[in-house]
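FYI, side chains are in, hydrogens and waters are out, and symmetry mates aren't considered; it's all heavy atoms of this structure. Bear in mind that the values here come from a model prediction, so they are computed numbers and not experimental data. Numbered from 1 within each chain, the chains take letters A, B, ... in sequence-line order.
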Protein chains: 2
Amino acid sequence: MAAANDQQDIKREKILEASYQRFLHYGYSKTTMNEIAGDLSMSKALLYYYFPDKSQLYIAVMRKLANDYLKTLENRSGTFADLKEAFTFQVNTHHEFIVSNYNFFDFFRLNEQNLPDDIWQIVGEVHGTELKLLSDAIKAEVEKGTIKAVGNPEEVVDVLIDALHGIRVGAISQKKTNFPRKEHLEEIHAKKLLLVDIFIKGLMY
Amino acid sequence: MAAANDQQDIKREKILEASYQRFLHYGYSKTTMNEIAGDLSMSKALLYYYFPDKSQLYIAVMRKLANDYLKTLENRSGTFADLKEAFTFQVNTHHEFIVSNYNFFDFFRLNEQNLPDDIWQIVGEVHGTELKLLSDAIKAEVEKGTIKAVGNPEEVVDVLIDALHGIRVGAISQKKTNFPRKEHLEEIHAKKLLLVDIFIKGLMY
DNA sequence: TTTTTGATAGTTTTGTTAAAAAAGTCAGGA
DNA sequence: TCCTGACTTTTTTAACAAAACTATCAAAAA
């Protein structure tokens, strides 16, 4: 099963890496298959030998990013001293993930609506895992007796995740742009930490 | 000063009312100045006598809506038994406002980015007033001693308002559309109430 | 048999232009 | 001062050709 075809897997990885760099710097619509092929000194046709089409290539890169992100979260899961640490870690990890891959998600800003279903599937997996990890953290605390029983941990976490998503930039009367600008990410991050702080207290006895 | 020109003001009001109906039913881009004029049995040119252009007309309607909305909030301000009542009233009023004017905001969905500055000014005014009313509510509770002193009430309310904005539709893995669909508004409303509930507790002793 | 490519077919984006529709103006009438 | 019909200007739409890019395929290379 393993190493069924090393060479092929290695090449696939190389393609993913080159594509990631292009997508990261120029975004989806501004990178062409020719450019990726050029970076790898291979023919464009070969890309199509390894990946069915451009969007599937992008999605494969995205899946890899998502897996790395989730692995980071999962690795520390269950090792937290308290709820606040667990939630803060999630917010910080998410923040770093967005900051370091900011341009990559260019695709989202442009395509906004009607993204391919595979993308939504990844988003769903990520959301589902975040939901599971955080609600597990809540359940653990409930068992420890640190916080009161929460009616429905999943529901509570779902609301928190949504709420965190909603944190945008802007003191009063500033334009709240739809997709956050890069220079606002730090401010947003700080506000998220404040929200988590209050929210956690709201779950305590 | 008052009644400087009754006739003119009345006509302006009539124009605003007719425009509101058109914008509400057909949205900004699908209503023409000719149609509005037709509804009022007046010439299109007359519209331009009362309003400089189409977007200013739309903005004037919007300003009126915003004023009504804020008046509703202000009228009840200071009459609440506790913080939760104050915040819940704000969420409910906002919900009703969005539901009953849903199609009107069509303009936002299309123009998403780069809206005229006047619009952002109104949004800013609304946000500022919401912020003031809710942080006043917090300050009142702090004085009553019901809750502990909050470092910076304005900051806390700002985060809450942002968080409420972030509440979108979707259980796990559902597509979270950018601008909420009408059929999701009830679900969103319920989630907002849950968030407010937890958030308020987070502010308590 | 698997991997790779040059040539090419097919599709999407971009640019151009003309016609239609709508926005916006104005001289003049009540 | 309030109002209108006729007019001008601007924006939207449709059609279409050129360019750019995606995607395919037969055949060469390994």
Which part of the nucleic acid does [X] contact within heavy-atom distance under 4.0 Å: base, sugar-phosphate only, or nothing?
{"X": "B:S55", "result": "nothing"}
{"X": "B:S43", "result": "base"}
{"X": "B:F51", "result": "nothing"}

Inset, instruction - Please determine if A:K192 forms a cation-pi arrangement with A:F87, meaning its NZ or CZ atom is less than 6.0 Å from the six-membered ring centre and no more than 45° off the ring axis. - result: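 No, A:K192 and A:F87 do not form such a contact.
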
Between [options], spot the one nearest the side chain of [X], thanks.
{"X": "B:A45", "options": "D:dT24, C:dA23, C:dC26", "value": "C:dC26"}
{"X": "A:Y49", "options": "D:dC2, C:dG24, C:dT3", "value": "C:dT3"}
{"X": "B:Q8", "options": "D:dC2, C:dG24, D:dT22", "value": "D:dC2"}
{"X": "B:T32", "options": "C:dA22, C:dG24, D:dC21", "value": "C:dA22"}
{"X": "A:N34", "options": "C:dT3, D:dT22, C:dT5", "value": "D:dT22"}

Expressed in angstrom and rounded to an integer, what is the separation of [X] atom [atom1] from [N] atom [atom2]?
{"X": "A:M33", "N": "D:dT24", "atom1": "CE", "atom2": "P", "result": "10 Å"}
{"X": "B:K30", "N": "C:dA23", "atom1": "NZ", "atom2": "P", "result": "12 Å"}
{"X": "A:K11", "N": "C:dT5", "atom1": "NZ", "atom2": "P", "result": "7 Å"}
{"X": "A:Y26", "N": "D:dC21", "atom1": "OH", "atom2": "P", "result": "14 Å"}
{"X": "A:L40", "N": "C:dT5", "atom1": "CG", "atom2": "C1'", "result": "15 Å"}
{"X": "B:E35", "N": "C:dA23", "atom1": "CD", "atom2": "C1'", "result": "13 Å"}
{"X": "A:Y28", "N": "D:dC21", "atom1": "OH", "atom2": "P", "result": "14 Å"}
{"X": "A:M42", "N": "C:dT5", "atom1": "CE", "atom2": "C1'", "result": "12 Å"}

Inset, instruction - Would you tell me whether B:S55 and B:D53 have side-chain atoms, one donor and one acceptor, within less than 3.5 Å of each other? - result: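 Distance-only check passes for B:S55 and B:D53.
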
Supply the atom-to-atom distance [X] [atom1] to [Y] [atom2], rounded to the nearest 0.5 angstrom.
{"X": "A:L160", "Y": "A:F199", "atom1": "CG", "atom2": "CZ", "value": "4.5 Å"}
{"X": "A:Q21", "Y": "A:Y26", "atom1": "CD", "atom2": "OH", "value": "10.5 Å"}
{"X": "A:E17", "Y": "A:L40", "atom1": "CD", "atom2": "CG", "value": "9.5 Å"}

Legend entry - A:K44 vs B:K44, nearer the 5' end of DNA chain D by closest nucleotide: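 Looking at the nearest nucleotide for each, B:K44 comes out on the 5' side.
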
Inset, instruction - May I ask you to verify if any side-chain N or O of B:Y48 is less than 4.0 angstrom from the OP1 or OP2 atom of C:dT25? - result: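 Looking at the OP1 and OP2 atoms of C:dT25, neither is under 4.0 Å from any side-chain N or O of B:Y48.
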
